[in-house]
Structure formats: structure tokens, C-alpha cells
S.K.: 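Below you'll find the structure I mean.
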Number of protein chains: 2
Amino acid sequence: MNAEINLAEKLDTFAEHWSPRTVALYNSHDVMVVKVQGEFVWHKHDDTDDFFLVLKGVLDIQLREGTVTLGPGEMFIVPRGVEHRPVAREETHLLLIEPTGTPNTGDPATAAGRKLA
Amino acid sequence: MNAEINLAEKLDTFAEHWSPRTVALYNSHDVMVVKVQGEFVWHKHDDTDDFFLVLKGVLDIQLREGTVTLGPGEMFIVPRGVEHRPVAREETHLLLIEPTGTPNTGDPATAAGRKLA
């Protein structure tokens, strides 16, 4: 595993939206890439902050008190417990970090599965 | 603090090499940007993996069994306990993540201070 991880190459291996792929493990967290487009659901994570870095495209992170808009090279961390909804007006590529095993909706019952890239 | 974090703008606020600036906190970790050039020291972190993402430039991460070379959009995680030496042939900009309070050399006695950007 002593090889560089090229994020664009990892993103080229799949097309589905809202289906994060784990590219590395870091201190019991999954480092993931994901393609998103359209609106996700309002949710929150009570036990973890939520890390978003835009690699390509534009992401609106809607919060109850306003919206944070991220372009390439911009990041935002949603603090634990804070309700938010990611919305991508175009196909957008993200780097995400979450504790291994975190459901992406904050609720195991509605969470999408996680795959390896 | 509900604002996007633009990594290039944060990097524009300082010029020193090997002096990470914390741009956000994530699950008891510091998310940092740093400008590097030249050779760092061989070191290891016994209690944490070491996260490197190249934003600009080229980084060689020398390991005892070989070198991993990273360009923009490429990342590598040095597992805890693994000796490594970052080397940048040109000025290179990185995103780093480390548990808050981690000395950058793995040794508090020789660590550089950490600043906020």
C-alpha cells in the first residue's frame, strides 16, 4: 500500500452519485471520495463533525441559519449535532472524512452503503 | 464561523516553510495548511497516522523501504510508527491533519510551534 492515492483517478472508477468510496484509512476514520448532484436529505451526526472538501464543482451546505457555498479548494466542517443538507447544482466531487462506520445520513436505517474505490 | 475555508487564501497569509497553520478543527484533530521546501527530518509518530494531501507542487515522502511521490490532488497516509521524511524539491503546499497537540517531528522537544491562519 506504499503508493500515492490520486483522488481524480479514484473518482474515475465510478459514476454513481451519493455513494462514497473509501480511499484510505486515517486514525479510525474513512477518507472518502464521492460524486454528488442534486439535494441530499437534512441530517445531523450527533457524534462526529462532518468534513467536506470540494475537489470539483460547487457544493451548497445548507444550515438552518444560512448556506455555505464551496468551490474547488474550499472546505467546511459541520460541527457535530448541527443539522445540514448538502446540495449540488451540478455534478460535484468531494473529499469526505468520517469515523469508520458512520452512516452518511446520521441514521443507520436510511444510510447508503460504503464501498472501496 | 459559518464560512467556507479557502485553502489558497489561507496559504496566501504567510510565507514561512515548515510552519503549519490550523484552518479548522475536526474531531479533536487540527486541519492545517503548510508551505514546505527542502528536506524535513526523519521522524515517526507512535500514536497517530500522518495525513498528507498535496495542493500545489510535489512532495516526496521518503520511507525506509522507498519513496512515495505526490503531485496536486494526490494524498498519502503514513501509518503510525512508520519512519518517514518529507522532501519538497520546490515550494509545495500541503493539507495536513493531525490530532490537536501532535508535535510535527514526533518529539515535543524539537517540534515547531503551531499557529492559526
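We name chains A, B, ... by the order of the sequence lines, and we start the count at 1 in each one.
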S.K.: Counting only heavy atoms closer than 4.5 Å, note whether A:Thr69 contacts chain B via side chain, backbone, both or neither.
M.R.: backbone

S.K.: From A:Asn27 CG over to B:Ser28 OG, what is the distance, rounded to the nearest 0.5 angstrom?
M.R.: 11.0 Å

S.K.: Treating Ile, Leu, Val, Met, Phe, Trp and Tyr as nodes and any side-chain heavy-atom pair under 4.5 angstrom as an edge, say whether B:Leu55 and B:Val87 lie in one connected cluster.
M.R.: no

S.K.: How many angstroms lie between CG in A:Asp49 and CG in B:Leu25, if you round to the nearest 0.5 Å?
M.R.: 8.5 Å

S.K.: Counting heavy-atom pairs under 4.5 Å to chain A, which of B:Gly73, B:Pro79, B:Gly66, B:Ala8 comes out on top?
M.R.: B:Gly73

S.K.: Linking I/L/V/M/F/W/Y whenever any side-chain heavy atoms sit under 4.5 Å apart, do A:Ile61 and A:Phe40 land together?
M.R.: yes

S.K.: Please classify the contact between B:Ile97 and chain A as side chain, backbone, both or neither, with a heavy-atom cut-off of under 4.5 Å.
M.R.: both

S.K.: Identify which of B:Asn6, B:Asp50, B:Val82 forms the greatest number of heavy-atom pairs closer than 4.5 Å to chain A.
M.R.: B:Asn6

S.K.: Walk me through it: do B:Tyr26 and A:His29 pass the test ring-ring contact (aromatic ring centres under 6.0 Å, His included)?
M.R.: CA-CA 11 Å; B:Tyr26 171 74; A:His29 290 69; 5.5 Å; yes

S.K.: Counting only heavy atoms closer than 4.5 Å, note whether B:Leu7 contacts chain A via side chain, backbone, both or neither.
M.R.: both

S.K.: State the CG-CD distance between A:Leu53 and B:Glu4, to the nearest 0.5 angstrom.
M.R.: 13.0 Å

S.K.: Using a 4.5 angstrom heavy-atom cutoff, name the option from B:Leu70, B:Leu63, B:Thr48 with the most pairs to chain A.
M.R.: B:Thr48

S.K.: Should B:Phe51 and B:Val58 be regarded as members of a common hydrophobic cluster, given that ILVMFWY residues are connected when their side-chain heavy atoms come within less than 4.5 Å of each other, either directly or indirectly?
M.R.: no

S.K.: Say you draw a straight line from CE of A:Met75 to NZ of B:Lys10; how long is it, rounded to the nearest 0.5 Å?
M.R.: 10.0 Å

S.K.: Which bit of B:Glu65 comes within less than 4.5 Å of chain A, counting heavy atoms only: side chain, backbone, both or neither?
M.R.: side chain

S.K.: For A:Ala3 versus B:Val68, what's the shortest heavy-atom pair and its separation?
M.R.: C-CG1, 4.0 Å

S.K.: Can you tell me which portion of B:Val31 sits under 4.5 Å from chain A's heavy atoms? Options are side chain, backbone, both or neither.
M.R.: side chain

S.K.: More than 12 heavy atoms of other residues, nucleotides or ligands under 6.0 Å from CG of B:Asp47: is that the case?
M.R.: no

S.K.: Please say yes or no: joined through hydrophobic side-chain contacts below 4.5 Å, possibly via intermediate residues, are A:Val41 and A:Leu96 part of one cluster?
M.R.: yes

S.K.: At a 4.5 Å cut-off on heavy atoms, which part of B:Leu95 comes close to chain A: side chain, backbone, both, or neither?
M.R.: side chain

